[in-house]
Protein chains: 2
Amino acid sequence: MGLVELAKIAGVSVSTASRALSNHPRVARGTRERIVALAQEHGFRLNQTASALRKQRTGVIGVVVPLGHEVDQALSDPFFMGLLGGLADALTKRGYDLFLSRVVPQGPRWLDDVIASGRVDGIILIGQSDQLEAIERVATSYERMVVWGAARLGSNQITVGTDNVTGGELAAQHLLRRGCRRLAFLGNPEAPEFADRYTGFHTAIAAASGVTETVVPIHLTMEDAYREMEAYLAANPAPDGILAASDVIAMSAMRALAGRGLRVPEDVAVIGYDDILLAGYTSPALTTIRQDVVYGANLLVDLLLARIAGQNVGSVAMLPELIVRDSA
Amino acid sequence: MGLVELAKIAGVSVSTASRALSNHPRVARGTRERIVALAQEHGFRLNQTASALRKQRTGVIGVVVPLGHEVDQALSDPFFMGLLGGLADALTKRGYDLFLSRVVPQGPRWLDDVIASGRVDGIILIGQSDQLEAIERVATSYERMVVWGAARLGSNQITVGTDNVTGGELAAQHLLRRGCRRLAFLGNPEAPEFADRYTGFHTAIAAASGVTETVVPIHLTMEDAYREMEAYLAANPAPDGILAASDVIAMSAMRALAGRGLRVPEDVAVIGYDDILLAGYTSPALTTIRQDVVYGANLLVDLLLARIAGQNVGSVAMLPELIVRDSA
DNA sequence: CACGATACTGTCAGCGCTGACAGAACAAAA
DNA sequence: TTTTGTTCTGTCAGCGCTGACAGTATCGTG
């Protein structure tokens, strides 16, 4: 049933019906109430597609997850999922709907497709993957976008994220304080976020003496991470202190360590990153660097809506927090 | 830039341009190629909103997650997330986009809103929550919907899910085989899926003699589950065999058990449900009843698209599988 | 009573696209 | 040459809704 029909039943013009349903002030109280009641009674709802076309505003925000190197990851990664949940809440609270797009970047135009489709009023990018330049190019001309990830000097991207350098430092300092001397960073430093985490980790270690450091470029999915860590341990002496680029990697590493009879934290101290929901429920409970996804999600939404409203906003880096549990 | 403008540049009529871009056969090869090239060059993309309004087809499927009793759960629940990831893949593969809606059912019309909005071509409901009747009412008149959950005799809902009764049986049998005698089911049997799992569990136990059985109506979120299990153990003698209604509950329970110095599986055998990604990475690794989310997601999408195409399809129950790891 | 102000309601164009229909151009057949 | 068929292209209405503008009714004021 369309608005025309509803208007006919109510005995008013279409536009009066439209006004009544959208709480326009220039419609008589009684008329409005009558029309609203009729709409209710007949189960009438505005066609959002038509409304969007006419108003040039969809009320929908696109949440885009680019899957660069890690095709399998992302949508099953607990951290992204947590963020997505937070976004769903934050958007709903502000009256927006959520359009989810899981993109495997092919060619340089993967983002433009979403934008020019006219389906969304704005875009929240979850993670930069290996697409920094592509994103940057779009960011220079398209304002209605915010990104979860690492801030870069001179970039046009508005980003929200934790200060990954500090996060890496916090972890290194904690490991050094525990007396670890052979440290390892588990993760692929090609992703901007991980690069920063490693930078902080590396810097803090460089200040200490008599400490060695390796990077094991491990992938993000559980099985890959486990297999790669297993292989690494088979070929190399075990480190005594680990910073994993994510909690998922940390959990896989702990399993691999256990498989080799190494105790956590006695033989190897392990620190994760993210503080996903399950981090407190592993055994030993995972010590980790916390990123507040709920706060981050709200921030992303706030900044995006501000940009859409034409305001000028800047990137935000939240402070990460070391959560000490049992693994380090 | 709109189609009108593109057509002008190409020196053809709008509808020829439209036809060229949608690969309509009745446009000359050369014309099509020229227009496609121009579109590429100018970064033109069809406005999907307008196209949807005109064609009365959006190319979007709504994935709706009703949050009945468990408001916090769902979008952070690893099982649902896994399913969502699978759906995102399956839909993308078939050329559909995904509209994510996280609904707290208020009043009986929460589903109608999504349907009548005209934003989606069909709906995939993830989980029935406590909304069986509301869903059933919609299902009688609205065909373009499929549901992840429990099948019910005489229902109009097309459901995809695992055979939860069998799953419960598998778990009970395994626990009995291990010699467990004081069994517990952890979960709230108000949700249809959990009710079935309990039914299978209960039935299998009833056949054995000298075995006691309790139900602890534990919630789905990690913290709640942990707290409630903790409280239960403080007030009651510990069971020696547990079936948790989900892996998340099982993990919380294992932590609570460890907190009381109870060993898994020596003192208490624990079986989870779902086989989430992390299940193999707890310690001890979680024995669980596996639901294949990727297959399930593909099935949901296939059935929905078949229904949209007007075909007649039936509900599907997949067989669950007992995955024996270390916890039982 | 005339006049303007106030309060509401209706008319109509058009958001950007698609497809039924009609028309044009050209080749082959009569 | 005309006719018929084939192949392509253009015209036009309209998907369901909104809002600028114009119109009508009612009321208060001089």
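Letters A, B, ... mirror the listed sequences (proteins, then strands); counts begin at 1.
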Pair B:S13-B:T16, side chain to side chain donor-acceptor pair (under 3.5 Å): steps then yes or no: CA-CA 5 Å; B:S13 74; B:T16 298; 3.1 Å; yes
SB check [X] [Y] (cutoff 4.0 Å):
X      : Y     : answer
A:R119 : A:D97 : no
B:R29  : B:E33 : yes
A:R94  : A:D89 : no

Just the rounded figure in Å: distance from [atom2] of [N] to [atom1] of [X].
X     : N      : atom1 : atom2 : result
B:L53 : C:dG19 : CG    : P     : 13 Å
A:Q56 : D:dG16 : CD    : P     : 18 Å
B:L21 : C:dG19 : CG    : C1'   : 15 Å
B:R19 : C:dG19 : CZ    : C1'   : 8 Å
B:F44 : C:dG16 : CZ    : P     : 11 Å
A:L3  : C:dG14 : CG    : P     : 20 Å
A:L46 : D:dC15 : CG    : P     : 16 Å
B:K8  : D:dT11 : NZ    : C1'   : 16 Å

Nearest-nucleotide pick for B:T16, side chain only, options being D:dG16, C:dC17, D:dG10: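 Per side-chain heavy atoms of B:T16, the pick is D:dG10.
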Which nucleotide in C:dT11, D:dG16, C:dG16 has an atom nearest any side-chain atom of A:S13: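 Between C:dT11, D:dG16, C:dG16, the one nearest the side chain of A:S13 would be C:dT11.
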Verdict with supporting geometry, A:E193 and A:N164, side chain to side chain donor-acceptor pair (under 3.5 Å): CA-CA 6 Å; A:E193 289 112 309; A:N164 289 299; 5.9 Å; no
Pair of N/O donor and acceptor under 3.5 Å linking D:dT11 base with B:S15 side chain: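 Yes, the side chain and the base share a sub-3.5 Å donor-acceptor pair.
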Exceeds 12 heavy-atom contacts within 6.0 angstrom, atom CD of A:E41: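 Counting neighbours around CD of A:E41, more than 12 heavy atoms of other residues, nucleotides or ligands fall under 6.0 Å, so yes.
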Residues in contact with DNA chain C, drawn from residues 26-37 of chain A - heavy-atom cutoff 4.0 Å: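 A:R26, A:V27, A:A28, A:T31 - these, ordered by number, are the residues of the stretch whose heavy atoms sit under 4.0 Å from the strand.
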Listed once per pair and sorted, the ring-ring contact (aromatic ring centres under 6.0 Å, His included) pairs that draw on residues 96-152 of chain B, sequence neighbours left out: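 Found B:F79-B:W148.
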B:Q48 vs C:dC17: side-chain N/O to OP1/OP2 distance below 4.0 Å: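 For C:dC17, OP1/OP2 do not have a side-chain N/O of B:Q48 under 4.0 Å.
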Residue mapping more 5' on DNA chain D - nearest nucleotide basis, A:K55 or B:G11: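 It is B:G11, whose closest nucleotide lies nearer the 5' terminus.
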